[in-house]
Amino acid sequence: MSDTLRQEPTIVTKSLAWAVICYLVLPITVVVSVSLTDRPYLSLPSEGVSLQYYEKLFTSSEWLSSIWQSFVIATVSTAICGVLGTLAAIGCWRIGSGLANVVRMAMLIPLMLPSMIYALGAYQVWAGFGWVNTYTGIIIAHAMTGMPYVVITVSTSLAGLDPKLEQAARNLGATMGQSLRHVIIPNIRPGVISGLVFAFIHSWDELVIALFIAGRNVFTLPRRMWDGINEHLDPTMAAVATVLIFLTVILLAAEFFLRGKKR
Amino acid sequence: MHANPNDQTLSVQGINKRYGTFQALNDVGIDVKRGEFLTLLGPSGSGKTTLLMSVAGFIQPDSGRIMLGAQDITFAAPEKRNFGMVFQGYALFPHLKVRENVAFPLKMRGIRGAAATKSVAEALELVGLADKGERYPRELSGGQQQRVALARAIVFQPHLLLLDEPLSALDTQLRGQLQTELKRLHRAVGLTFIYVTHDQGEALSMSDRIAVMKDGRIVQLGAPSALYNRPANRFVAEFLGVENFLPERLTGRQGLLAVRASALSLAGKAGRISARVSDLDYHGAEIRYTAQTECGLSLRFNLSLRDAAHVPQENENVTLDWQEKDALPFPAA
């Protein structure tokens, strides 16, 4: 019915829409092209395309080690902020009053502060704990800064959930844990999954905190890319970027698919 | 002898609950009789839902006790009380099928397999939804959802059933039908029902006893007929639909006289009150009038068209009278 009512967009609307899409996508295509260059420095391919930098990427122990480290850090920090963020959002939902809004706002601070300031603060505190240049340090920092994504997506899911459902579960004999497991979580699963995906992506390409806290022992992928650009304009960088883009697209597609399936 | 826990009676003893400066419950005490249909009736903010939630275990009173038989359950966790509850808006689990919703309390009690399947089928049979087990709650009508909530609340044989305005979301016709069904169910399962409503008609037609609440107190407790015929004060009388309160100067006696619109009738010349018709509503078999006395008092009276010799119109002067047996005296409040 809505299809018959929908107006055919004008040429202006269409052009504008395409312009925005190009604006968003073109830089990505440049990166993909550069990753296929046959020349020894960051440039577009001249004679023909070459996969040499992909080969280099997947045979270099440095790059592979950074990919692995980033993966471990993203996974563990996502698990931490997934659990804490989900529980915090549920807690705020249960309180439901003004205090809950204050807590929810506090949870969003990592998003509002410039990450440089957050990184500086984390560095100072972590130095005291001896966490600089350790997995622990960067995992905890990423878990903190990834928290807002989980809190936002889970809170959004909870907004549509009747608070009486928990009371009903308790009344029917479920303990607090059982009502969480059997009633609340199944109803907010799409929000939790979205939050986990965003938190993972956040940790996966986070640079500023990694610059402060990572070091010789912990060398995340964005950190290695940063060094790659600064020190020598190595096209392997572009190959890494291309791989990252594909990974992100796959994660987002998975999130989209899982969310669509549930609703 | 091993006592059946279902035989224990609920006793609420002097409970108080305060939210800041708001006294939600003020020294409320009530003994619920075994198997009775008890209604908590009152306007919003009267404390009826707070009382129900205290019994359910979702609100902890500041003082006083709630006893189930010899057991103090004032601070027992909701899931330990074994009370069924039908929530306002039903609170069915949207991710579970009707069958799974009804099986939920059994699952939480570790009852699975054939025994659970049988109980669920019986409960759904009892509420007339035997064929809807595989549906999701959102695929059912409001009335059907209400019945699922009922089945879910009685399937585990609770000590008693708490109902929080279970019919308020339904249209008038369906509400009447479900009132009848609830009464039938109450007789069939023999459970104690505690029913919260702000609808006096619902309370009068369904209850064995009604507790009328105001400002966190129970102001009158009794059978529907007792409340209807002998309201303890003006609030109860008004809440149960008494329209007219005649002051001393009109009646010549001390205090207020409560007279229902149906008991105030047109009188020839001999009527004790004269008034002018200000409004009339046609209701088929009768006309409902509003009339103003000279001193500005607004009165309501009904005229049955079956035995009316004359039908007064707007701005017409009328005289009204009542019979002493239909009037209730109150001390002036």
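Chain letters run A, B, ... following the sequence lines, proteins first, then strands; residues in each count from 1.
When Gly57(B), Pro94(B), Ala56(B) are compared by the number of non-hydrogen pairs under 4.5 Å with chain A, Pro94(B) comes out ahead. If you tally non-hydrogen atom pairs under 4.5 Å between each of Tyr90(B), Phe104(B), Phe87(B), Phe83(B) and chain A, the highest count goes to Phe87(B).
Proximity to chain B (any heavy atom under 4.5 Å) is restricted, for Gln178(A), to the side chain, taken from C-beta onward. For a residue to count as touching a neighbouring chain, one of its non-hydrogen atoms must lie under 4.5 Å from one of that chain's; by this rule Asn171(A) touches chain B with backbone and side chain alike. Heavy-atom distances place no part of Leu106(B) under 4.5 Å from chain A, backbone and side chain included. Heavy-atom distances place the side chain of Phe156(B), and not its backbone, under 4.5 Å from chain A. Heavy-atom distances place no part of Arg81(B) under 4.5 Å from chain A, backbone and side chain included.
A donor-acceptor contact closer than 3.5 angstrom is absent between the side chains of Ser194(A) and Thr153(A). At a cut-off of 3.5 Å, with distance as the only test, a side-chain donor of Tyr195(B) or Glu202(B) sits close to an acceptor on the other residue. There is no side-chain donor-acceptor pair under 3.5 Å between Thr220(A) and Gln69(A). No side-chain donor-acceptor contact under 3.5 Å links Thr75(A) and Thr78(A).
Glu122(B) CD: more than 12 foreign heavy atoms inside a 6.0 Å radius. For Phe58(B), the CZ atom is densely surrounded, since the number of other residues' heavy atoms within 6.0 Å is greater than 12.
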